[in-house]
Amino acid sequence: MKNGDTHISSFTSHAIVLIVLLALTFLSVSVTGYQLGAFSVTIALAIASVKVATVILNFMHVKHESLFIKLMISGVFILYALVIIITFIDYQLR
Amino acid sequence: MFSGASNLAEGVDKAFLFIFTIAAIFIIGITAFMIWTVIHFSRKKGKAPMQFTGNVIAEIIWTGVPLVIVMVMFYFGWHGFAPMRNVPADAMKITAIGRMWQWEFDYGNGMKSKDLVLPVNKAVRLDLKSEDVNHSLFIPAFRVKEDVIPGYSNYMWFIPTIVGDYEILCTEYCGLLHSSMLAKARIKEQADYDKWFADFKSEAVKPEPDGYLLIRNTGCIACHSIDGTKLVGPSFTGLYGSSRVVVKNGSEVTVIADENYIKNSILNPDLEIVTGFNKGLMKSYQEILKEADIKTIADYLKTLNEGK
Amino acid sequence: MSTHSIHSEQIESETGKLGMWIFLLTELFLFGGLFLVYAVFRAQYSEAFHAGAEELNAFIGTLNTVFLLVSSMTVAMAITAIQKDKKNLAIFLILVTLILAGLFMMNKYFEWSHKFEFKLYPGSEVLKNLPRGELLFFGLYFMMTGLHAIHVLIGMTLLAINIFKIKNGEVSSKHYLHLENTGLYWHLVDLIWIFLFPLLYLIT
Amino acid sequence: MSNSETGTHVSYLEHEGKYKGLLGWLLTTDHKKIGLLYLYCIIVFFFVAAILGILMRVELIAPGQTIMGAQTYNGMFTIHGIIMIFVIVIPALPAIFGNFFLPIMIGAKDVAFPKLNLFSFYLFLIGAIFGVLSQFIGGGAPDTGWTFYVPYSSQSSTNVIYALIAAFILGFSSILTGLNFIVTMHRMRAPGMGWFRMPLFPWSLYATAWIQVLATPIVGITLLMVIAERVLKIGFFDPALGGDPVLFQHLFWIYSHPAVYIMILPGMGIVTEIFPTFSQKPIFGYTAILFSSLAIAFVGYFVWGHHMYTAGISTGSRWFFSFLTFLVAVPSAIKVFNWVSTLYGGSIEMRPPLLYAISFIFLFMIGGFTGLTLGSVATDIQVHDTAFVVAHFHYIIFGGMGFAFFAGMHYWFPKIFGRMYNDKLAYIGWGFLFTGFNVLYFPQFIIGLQGMPRRYFDYLPQFQTGQVISTIGGFILFTGLIIMVGNLVYHAKRGAIAPANPWKGVTLEWQIPSPPSHENFDEIPEINHAPYFFGNTSENK
Ligand code: HEA
Ligand code: HEA
Ligand code: CUA
Ligand SMILES: [Cu+2]
């Protein structure tokens with residue numbers, strides 16, 4: 001793990017992150033207004049993923065964590081994606 | 001084991017044979033090797049142990065060889081399986097219905113048989129339907145098995161190749177009498193089959209009374225016979241209007257089996273237990289049978305007595 | 001544990017945080033199971049899911065999203081505050097978080113009771129007679145938001161405990177692992193909602 | 001490093017903490033005592049479930065009703081399966097030997113979160129008691145099989161809910177244990193013990209722990225969904241409520257296939273410790289064994305569909321899952337070859353632990369190769385849900401993990417209790433066990449191939465010969481277990497005093513006195529060589 005002193009995030013950086021998150025939320029809400037058909041799921045999920053990444057990296061401090069924690073978290077998301085995809089493919093092929 | 005009676009048997013048996021042969025070689029070989037080392041390198045002989053820690057070439061060999069072997073196994077398995085999902089277009093179509101705890105084979109036009117009667121050497125496709133829970137249709141001699149799942153359309157097909165009678169079993173656990181959910185596959189010469197089919201057709205046109213359909217489709221006849229035999233529950237024959245000895249709240253009372261009693265027995269089976277039978281087996285049909293259905297059943301049970 | 005040097009403090013906090021992270025990953029998989037079910041049904045009954053999503057009030061959903069996002073920030077700020085040894089500010093920020101969480105739960109309450117008024121609750125006759133896809137949609141809706149609400153409640157309890165711990169000095173600028181882990185938990189609640197919100201309220 | 005000479009040694013068994021007597025045990029946070037608590041509970045529950053197994057065997061001695069009705073029988077294999085899987089084999093090795101030896105083998109004083117460890121023991125106990133209770137209260141024993149397949153499990157009027165809750169709680173306990181171990185291994189290794197100097201039993205626990213942490217939540221939520229379906233009538237899986245029964249099977253096996261590797265990996269870890277010690281030479285291919293554990297854990301995550309070949313899943317997925325199932329066999333093969341190569345060129349002393357370890361390999365091979373038979377789609381169509389599957393998993397669980405457990409028990413017994421058992425009795429017990437085991441389960445392969453389905457209370461007369469042989473084997477096995485357990489129980493208090501290192505092992509647990517002290521190490525050791533280093537170090541006394 002990283003030695004030395006812990007990183008202290010500033011209040012302003014938290015506020016900026018919040019503004020980004022709120023902006024993304026409104027983007028996501030306003031996009032639903034348009035009939036995008038199949039794309040709407042993709043877009044909504046893409047925006048949600050960006051938001052989640054923002055929260056994880058900033059609010060949850062992962063930016064400043066050790067490489068292992070970063071790898072662990074991304075690994076778990078990949079594992080989960082694989083499980084969903086495999087199940088999904090089974091249903092699609094039927 | 002190796003007594004397949006359908007076109008699919010050969011592929012399956014080949015895969016078995018291949019895997020078993022490999023397995024025997026490895027199991028015997030490795031076991032023999034272990035016994036040999038234990039004797040040959042016994043501490044009693046007083047030799048100092050060699051201190052090597054590994055060997056990359058050996059490691060690669062015994063990753064590579066098993067990999068190749070399992071891929072061949074995979075190939076055989078695939079090869080035996082592939083035809084099972086390719087139904088020929090001219091296959092004869094029958095619907096197999098699974099319900100607690102019996103099979104029924106629907107030949108179309110209301111002709112429903114307890115046994116699966118088929119002509120030899122003709123492709124047949126079974127569409128699998130379940131009316132309640134999961135079942136699985138298994139005919140060992142034909143090497144076929146597919147699950148029968150409610151709300152799903154699964155299927156299987158095969159060409160029976162040898163005339164005879166074969167077991168049909170249910171291999172997905174489906175409750176109390178899972179193990180007696182049996183039937184027979186009767187494979188006949190074409191001529192015999194045609195004769196059977198003609199007889200069957202004339203028999204089948206007789207309409208079944210509504211009440212009978214109800215108790216059959218709800219699954220009552222799995223536990224209650226209509227010919228007087230005692231199954232899990234008392235037989236329906238001679239039930240209506242007779243006096244019953246029941247245990248109610250721990251004490252024995254005698255009641256008359258009228259319409260009310262029957263309704264009560266269906267909605268709250270555990271309230272009055274017929275002596276000689278067990279509590280807790282029959283579940284309440286509160287959610288499943290409507291008021292009118294119960295009336296129909298009661299009326300039908302009445303007719304069962306009139307025959308006597 | 002006995003030697004209270006800065007160094008062992010550091011090690012203990014790294015250990016505690018690693019443990020918390022692994023726990024959060026299991027939580028993600030817990031919801032992951034539900035998301036998997038959602039994905040499969042949504043692909044099969046996309047029309048009905050659309051219809052179901054229309055029935056939900058996107059405004060309330062958005063409002064709740066905002067509440068949670070802001071509360072996520074206040075928790076993160078509370079940690080910064082405690083790190084800078086500003087106890088009162090930290091307590092204040094946690095209180096704001098609790099209030100936002102309370103607003104979120106209140107909204108949920110009204111949303112659910114609104115559904116109940118229309119006899120839309122699990123097992124109701126109205127629900128049973130809906131088309132299959134919508135039935136599944138509402139089942140998932142209740143299960144997902146219900147499980148999420150339970151997590152909100154747990155998070156609120158943990159936050160409240162932290163207020164007391166800050167007051168009696170158990171949580172301080174030297175020793176704030178407890179608050180940090182609570183913060184992580186609270187962010188997880190937020191993360192899950194970030195996915196729930198578009199899936200249940202927005203997708204058309 | 002060894003400090004057994006200091007006369008003031010107090011073993012953990014005599015150590016007095018904050019609480020005395022029984023309370024000292026029940027509230028202990030000492031990883032060794034918690035390990036023993038698990039051991040005692042698991043023995044009791046094993047006894048319960050094993051008796052159910054034997055009763056089933058008696059019932060099956062003849063077609064038709066023999067000693068119990070169909071409902072009782074269905075409840076019996078359900079409870080037998082639930083207890084065996086969720087209460088015994090999943091927790092057993094990590095929770096007993098993992099708790100006891102993991103910290104010692106990596107040179108730590110305790111696990112990372114001792115209180116959490118105790119908490120997860122109590123969760124385990126509550127879950128297990130729930131499981132057993134479900135047999136007796138209210139609507140009768142659950143009768144769904146341990147797989148809880150919907151729709152039957154959402155309709156059965158028996159105590160299914162209790163069993164579901166039990167499995168849920170046990171899963172939670174298992175997650176916490178896994179979490180604890182991962183953090184322990186990351187943060188508490190002794191100075192100098194890099195990842196590649198960690199012994200292989202901890203490594204196998206590391207791989208196991210990740211599966212516990214990442215797969216168990218899925219079954220947790222699945223069981224919750226079934227509960228919600230039953231109680232609140234929310235449709236997920238039951239077609240009567242609009243759900244999809246096959247989706248349940250997906251979710252269930254996403255957990256339960258990785259779970260079978262939770263069962264076997266620690267067992268493999270144990271025999272990996274035993275072979276080097278009894279041949280006095282380093283393990284062959286340390287890195288290969290280590291990475292094969294991780295590979296099994298990872299690939300094992302994606303093969304769940306092989307339990308569903310007949311469930312109407314798409315042809316493409318059958319192909320896919322079958323392919324991966326075969327791939328997962330390769331790391332197991334690597335391990336087997338490395339174990340037997342470790343024996344080659346050693347100075348082998350035949351003692352009970354080694355005998356059990358060798359039997360493990362034999363039985364595991366039979367179980368594994370029949371696993372391959374099941375993994376091949378064509379053959380699985382024939383033997384799915386037949387006695388063949390029953391034989392496969394008894395061979396690989398009881399013959400594999402079970403014999404590894406016995407091997408570990410005989411290996412570490414002197415360290416745990418500071419006493420020796422009687423070798424001769426151990427051999428006799430093994431003889432009965434091994435014979436009985438094969439007589440019991442081998443016939444099941446044959447009748448399975450002939451088409452004897454599993455979970456059958458009644459069967460066709462042509463299968464009777466096989467069933468009778470099986471039942472006889474059950475009783476031989478029973479005798480063997482009694483002898484083995486008797487030997488161990490008797491000598492735990494009365495055996496000859498064991499030396500610190502009876503087998504001349506080189507891993508850390510053998511460098512401290514038997515039984516270890518409360519703190520394990522007087523001073524934390526420094527590690528400066530690979531784990532299986534049999535060079536002329538001073539420890540080899
Ligand atoms: C400890 C538990 C455990 C383990 C380790 C395994 C290991 C394996 N299992 Fe098993 N399995 C179960 C427990 C386990 N299983 C249980 C409980 C069930 C039933 C569940 C239920 O329905 O109730 C089951 C069911 C089951 C099925 C479903 C059967 C069905 O219902 O139709 C399948 C199908 O593929 C399968 C396959 C395998 C395979 C390929 C392995 C492989 O990992 C085996 C690998 C091992 C070897 C291959 C042998 C050693 C290697 C060598 C000797 C070297 C030479 C090797 C080669 C040349 C290849 N198992
Ligand atoms: C760890 C796993 C494990 C173990 C060890 C066993 C052990 C045994 N099992 Fe197991 N069994 C399962 C796991 C296990 N089982 C599972 C998961 C199922 C599937 C359930 C389902 O279908 O849902 C199953 C199903 C199953 C069936 C199939 C039921 C069916 O499908 O119809 C049968 C039938 O014979 C059976 C029999 C036995 C027997 C005779 C033993 C014997 O080996 C037991 C031997 C032990 C004894 C005879 C007791 C001796 C010991 C003592 C007396 C203790 C001494 C005292 C102290 C310890 C203090 N089991
Ligand atoms: Cu039908 Cu089992
Ligand atoms: Cu499996």
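Sequence lines set the chain letters: A, B, ... in the order given, protein chains first and strands last, and positions in each chain run from 1.
The part of Leu460(D) that comes within reach of chain B is its side chain, from C-beta onward, which places non-hydrogen atoms under 4.5 angstrom from that chain. Contact of Thr171(B) with chain D is made through backbone and side chain together, with heavy-atom distances under 4.5 Å. Residue Tyr459(D) does not touch chain B at all, counting heavy-atom pairs closer than 4.5 Å. Contacts between Thr315(D) and chain B at a heavy-atom distance below 4.5 Å involve backbone atoms as well as side-chain atoms. Both the backbone and the side chain of Ile358(D) come within less than 4.5 Å of a heavy atom of chain B. Proximity to chain B is limited to the backbone of Val150(D), based on heavy atoms less than 4.5 angstrom apart. Looking at Met350(D), only its side chain comes within 4.5 Å of chain B, counting heavy atoms on both sides. There is no contact between Val56(B) and chain D, counting heavy-atom distances below 4.5 Å. Interface remark: Pro282(D) contributes backbone and side-chain atoms alike to the contact with chain B (heavy atom separation under 4.5 Å). The parts of Trp62(B) that come within reach of chain D are both its backbone and its side chain, each placing non-hydrogen atoms under 4.5 angstrom from that chain. Phe364(D) does not touch chain B: none of its heavy atoms, backbone or side chain, sits under 4.5 Å away. Interface residue Tyr149(D): only side-chain heavy atoms are found under 4.5 Å from chain B. Proximity to chain B is limited to the backbone of Thr144(D), based on heavy atoms less than 4.5 angstrom apart.
Partners of Ser317(D) under the side-chain contact (heavy atoms from CB on, under 4.5 Å) rule, at least two apart in sequence or in another chain, are Asp90(A), Ile313(D), Ser314(D), Phe321(D).
Residues Leu343(D) and Ile348(D) have side chains in contact (heavy-atom distance under 4.5 Å, counting atoms from C-beta outward).
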